[in-house]
Amino acid sequence: MMLAPASLAQPARGLAALARPRGILFGAAINTGRLADAAYARQMATEPQLLVPEWEGKWAALQPEEGRFDFAPLGAVLEFAARNAQQVRGHALIWHQAMPDWLAPALAAGPARARALLAAHLDAVLSRTAPAIRDWDVVNEAVANAGGPFTENTPAVGDLRDTPWLRALGPGYVDLAFQLARERDRTLRLTYNDYGVEGDTPFAEEKRQRVLRLLRRMVAARVPVDALGIQAHLIMDEPFRPEPFAAFLREVRGLGLAILLTELDLREAAVVPPDLAARDALVAARVEAVVGTALAEGCRTVLTWGLSDRDSWLATDKDVARKDGGIHRGLPLDAEGRRKPMWQALARVFETGATAPPR
Ligand code: 9MR
């Protein structure tokens, strides 16, 4: 009998199947533009139990012109998920990027107009996506960066990033978005999503404190926030130590919020070992340390931002793509779709890492 080559003989048990018995939900970002590729579609059907649209849930996709909604791309995510018995989470109801060209000038017309635009978007999107989507990133990346070598410095108003939403509605726009979302769907999980909080640097510590100040204030003011999404776009050149990250996660859980890792991937060091096995071992070790810490602190949902190195923004975004002609190996599958040590690392932490009560 002819044996299929290893790359074709993809075992049926994906990461989600390994995670599920431990009460852990594994998911991945999907890009419907790639679904015509059979290998891509097979990966997306095999590994994750939860899908998040990489693009299809953003304003530019959903409302390309004012009042004209296009649900076809997001609908394709929902159909794919339904066919494969998967769940879908939403991303993102408010973000300062992926805004259609008309939106920023319209927001600038004043707070009443901005509020009406937000309300109309939430009306249309939440009614179309209920009951399929039970968790949305309501606000994405509202907290300003504290600078440092690893993230861009962002203009700030207090702790918040200066964006068209903030300029239109003031700092209260974050609370408003959560309140309007809750009014429209009482049982939807409402998540605040952000990045840059994992590292062991003064800048990551300052970002953690800013995020905590926002969440503490929201919880104290009874703003309906249910969860913190930690993107976890990891950066190998940024030092990591479990303890500061764990302390932050404990603070967040102390506020009664769930914790999700929403966009996990890893940007490798500027200079990587020439030996592929050594290189992949570094990626796997960092992923295991970060995800292991999160699981030990009660995180029960982990999503990677794509599955294969070929389909990653790490390969295409000019600011983060490798300068040496190669591509980052920061996702569970390599460019040919083969499982690599980061996949094994996730499998290991899913089997051993969940020691704290869930959130
Ligand atoms: O990976 C996404 C890329 O394909 C899009 O072009 C970009 C703009 O919509 O967004 C990328 O995803 C981002 C996510 O929405 C928010 N966190 C950072 C992600 C990587 O930039």
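Whatever order the structure lists ligands and atoms in, that order sets their numbers, starting from 1.
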Partners passing ring pair (Phe, Tyr, Trp, His ring centres under 6.0 Å) against Tyr192 (at least two apart in sequence or in another chain):
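With neighbours one apart ignored, the set is empty.
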
What pairs of residues pass the ring pair (Phe, Tyr, Trp, His ring centres under 6.0 Å) test when at least one of them lies in residues 57-84, not counting sequence neighbours?
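Non-adjacent pairs meeting ring pair (Phe, Tyr, Trp, His ring centres under 6.0 Å): Trp59-His121, Trp59-Trp165, Phe69-Phe71, Phe69-His121.
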
Could you give all pairs that pass the ring pair (Phe, Tyr, Trp, His ring centres under 6.0 Å) test and reach residues 83-116, with sequence neighbours left out?
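Those involving residues 83-116 are His91-Trp305.
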
With a 6.0 Å cut-off (strictly less than), is the heavy-atom count around CG of Asp101, excluding the residue itself, greater than 12?
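No, because the 6.0 Å sphere around CG of Asp101 holds 12 heavy atoms or fewer from other groups.
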
Is it the case that over 12 heavy atoms from other parts of the model lie below 6.0 angstrom from the NZ atom of Lys318?
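Result for NZ/Lys318: open.
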
Looking at side-chain heavy atoms only, is the closest gap between Arg134 and Gln87 below 4.5 Å?
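No, too far: nothing below the 4.5 Å cut-off.
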
Non-hydrogen atoms closer than 4.0 Å to ligand 1: which protein residues do they belong to? List them by chain and number, please.
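Those residues closer than 4.0 Å to ligand 1 by some heavy atom are Glu54, Trp55, Lys58, His91, Trp95, Ala98, Asn140, Glu141, Gln231, His233, Glu263, Trp305, Trp313.
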
